[in-house]
Amino acid sequence: MYSDIITEQKKKYGKKLAILGHHYQSDEIIRHTDLKGDSLELARQIEKLEAQYIVFCGVHFMAESAAIVRRDDQKVYIPDASAGCVMANMAPAWLVDNVLTRILEETGRKIIPLAYVNTPAAVKTVCGKHGGSVCTSANAEKMLSWALEQGDAVLFLPDRNLALNTADKLGIPAEKRMILDIRGKGLQFDVQATKDKQLLIWPGLCAIHQRFKLAQIEQFRADYPGCRIVVHPECPPELVRAADGSGSTSYLIKYVDEAPAGTTIVIGTETNLVNRLKNIYPAKNIIPLGISVCSNMAKITEENLANLLVNLEATPYEDVSDAIRKPAKIALERMLEVCS
Ligand code: 13P
Ligand code: SF4
């Protein structure tokens with residue numbers, strides 16, 4: 001029933017409407033999308049879309065990023081604005097500002113903030129104002145290399161695992177990294193200890209990926225000799241090191257697509273995506289490393305998508321004030337430029 005309503009509304013709006021979906025959305029939603037992708041691919045497409053009405057099926061920071069880079073004639077909507085990201089909530093802008101200001105003022109070093117796209121708009125604003133930028137899991141290596149060239153050190157936030165995994169790939173030695181203790185409103189950690197560091201790391205995490213354990217990888221290696229194991233870089237570093245590959249959701253899809261028929265592939269990421277790959281590639285043996293559902297992604301349902309489409313013009317769209325939007329857009333555009 002909701003599915004019929006969505007189909008009807010899509011017909012009514014035609015090319016004026018585009019429904020975008022992140023890979024962690026359920027099949028029920030994905031089947032209605034005009035475009036699906038990882039965070040980077042979706043962010044890149046917004047401005048190029050012919051559509052004026054963009055409905056973003058994903059979590060809130062994704063819709064908000066779309067609202068930052070949109071054209072003036074476009075409006076961005078999300079079917080349930082309460083679909084947050086637990087990791088994004090771990091780096092509120094006031095705290096990022098406190099920490100960055102302390103380090104800048106007390107060390108006099110040029111610190112470049114680099115925010116994972118999984119952050120609120122106001123954090124991207126801080127990055128834009130301080131010569132920093134944004135990255136996604138698909139371009140973290142490139143963006144961290146870029147950021148290191150812009151100053152004396154980089155403040156990477158909020159994902160500790162992505163920071164450590166990217167630092168491993170770039171060969172940044174352990175003694176040049178420091179995980180910040182942000183307790184006490186960010187006023188507690190030893191600022192002088194940051195002075196000889198290249199990479200200052202916010203201690204945020206994604207609970208969905210943190211749940212996977214090294215013992216699970218070891219068990220699959222024992223049970224399925226010769227299996228391939230790939231994980232998302234939000235997983236802890238010991239898992240990434242033990243896996244055969246790691247990358248964004250699109251990387252994981254490509255890995256499965258390119259593997260020969262008959263390969264057993266164990267995947268460490270959100271369950272909706274792993275189940276979809278299992279259905280799309282029946283000739284390959286796709287196994288989840290463990291079951292781990294993002295409950296926020298799951299807040300987008302056919303019911304709230306149908307309701308939004310029926311009431312589209314009467315629904316408030318994602319709006320970001322100019323004071324937040326302009327510097328945040330600079331930060332996002334730097335990323336799109338560096339990675340063009
Ligand atoms: P991707 O950018 O790899 O799609 O990941 C976004 C995300 O939130 C993963 O948890
Ligand atoms: Fe956020 Fe983790 Fe969900 Fe991705 S999987 S949206 S990082 S909570």
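Please read all numbers here as calculations on a predicted model, not as lab measurements. Both ligands and their constituent atoms are indexed starting at 1 by order of listing.
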Looking at Ser248, which atoms of ligand 1 are within less than 4.0 Å of one of its heavy atoms? 3 (O)

Identity and distance of the protein heavy atom lying nearest atom 8 (O) of ligand 1: Asn118 ND2, 3.2 Å

So Ser292 and His209, side-chain contact (heavy atoms from CB on, under 4.5 Å) or not? Walk me through it. CA-CA 8 Å; Ser292 203; His209 290 89; over 6 Å; no

Before you tell me yes or no, could you show the steps for Leu199 and Phe156 under side-chain contact (heavy atoms from CB on, under 4.5 Å), namely the whole-Å CA-CA distance, both residues' side-chain angles and the distance that decides it to 0.1 Å? CA-CA 7 Å; Leu199 183 58; Phe156 189 105; 3.9 Å; yes

Quick one: does Thr136 get within less than 4.0 Å of ligand 1, heavy atoms only? no

Could you tell me the residue and atom name of the protein heavy atom closest to atom 3 (Fe) of ligand 2, and the distance to it rounded to 0.1 Å? Cys294 SG, 2.5 Å

Could you find the nearest protein heavy atom to atom 2 (Fe) of ligand 2 and give me its residue, atom name and distance? Cys206 SG, 2.3 Å

Validation row: Leu49, Gln74 side chains within 4.5 angstrom (heavy atoms): yes

Test the Arg276-Tyr24 pair against the cation-pi criterion, namely NZ or CZ under 6.0 angstrom from the six-membered ring centroid and within 45° of the ring axis. no

Describe, in one word, how the ring planes of Tyr13 and Tyr53 are oriented to each other, choosing from parallel (under 30°), tilted (30 to 60°) and perpendicular (over 60°). perpendicular

the protein heavy atom lying closest to atom 6 (C) of ligand 1 turns out to be Ser39 OG, 3.4 Å

Going from CD1 on Ile6 to CD1 on Ile19, what distance comes out if it is rounded to the nearest 0.5 angstrom? 6.5 Å

Using side-chain contact (heavy atoms from CB on, under 4.5 Å) as the criterion, point out the one residue from Asp181, Ile179, Asp159 that pairs with Pro203. Ile179

Backbone or side-chain N/O/S of Cys85 under 2.8 Å of atom 1 (Fe) of ligand 2: yes

Is ligand 1 under 4.0 Å from a heavy atom in the side chain of Glu270, in the backbone, in both, or in neither? neither

Atom indices of ligand 2 within 4.0 angstrom of Tyr24 heavy atoms, with elements: 5 (S)

Got the closest protein heavy atom to atom 5 (O) of ligand 1, with its distance? His232 NE2, 3.4 Å

Any Tyr251 heavy atom less than 4.0 Å from ligand 1: no

Heavy-atom distances under 4.0 Å decide this one: backbone, side chain, both or neither, for Asp38 against ligand 1? both

Contact between Leu180 and Ile201 at the side-chain level, heavy atoms closer than 4.5 Å - yes or no? no

Could you tell me, atom by atom, which parts of ligand 1 come under 4.0 Å of a heavy atom of Glu234? 7 (C), 8 (O), 9 (C), 10 (O)

At under 4.0 Å between heavy atoms, which part of Leu40 makes contact with ligand 1: side chain, backbone, both or neither? neither

If the contact criterion is a heavy-atom separation under 4.0 Å, does Glu234 count as touching ligand 2? yes

Look at atom 4 (O) of ligand 1 and find which of His22, His23, Glu41 reaches it with the closest heavy atom. His22

Looking at Glu258 and Lys254, is there a salt bridge between them, counting it only when a charged N and a carboxylate O are closer than 4.0 Å? yes

Should the pair Tyr255 and Tyr251 be assigned to parallel (<30°), tilted (30 to 60°) or perpendicular (>60°) ring geometry? tilted

Could you tell me, atom by atom, which parts of ligand 1 come under 4.0 Å of a heavy atom of His209? 10 (O)

Contacting atoms of ligand 2, where contact means under 4.0 angstrom from a heavy atom of Ile208: 2 (Fe), 5 (S)

Answer whether the closest heavy-atom distance between the side chains of Val76 and Val55 falls below 4.5 Å. no

Check the pair Leu114, Leu155 against side-chain contact (heavy atoms from CB on, under 4.5 Å), reporting the backbone distance first and the verdict last. CA-CA 6 Å; Leu114 182 63; Leu155 170 62; over 6 Å; no

I'd like to know whether ligand 2 has Asn118 as a neighbour, heavy-atom separation below 4.0 Å. yes

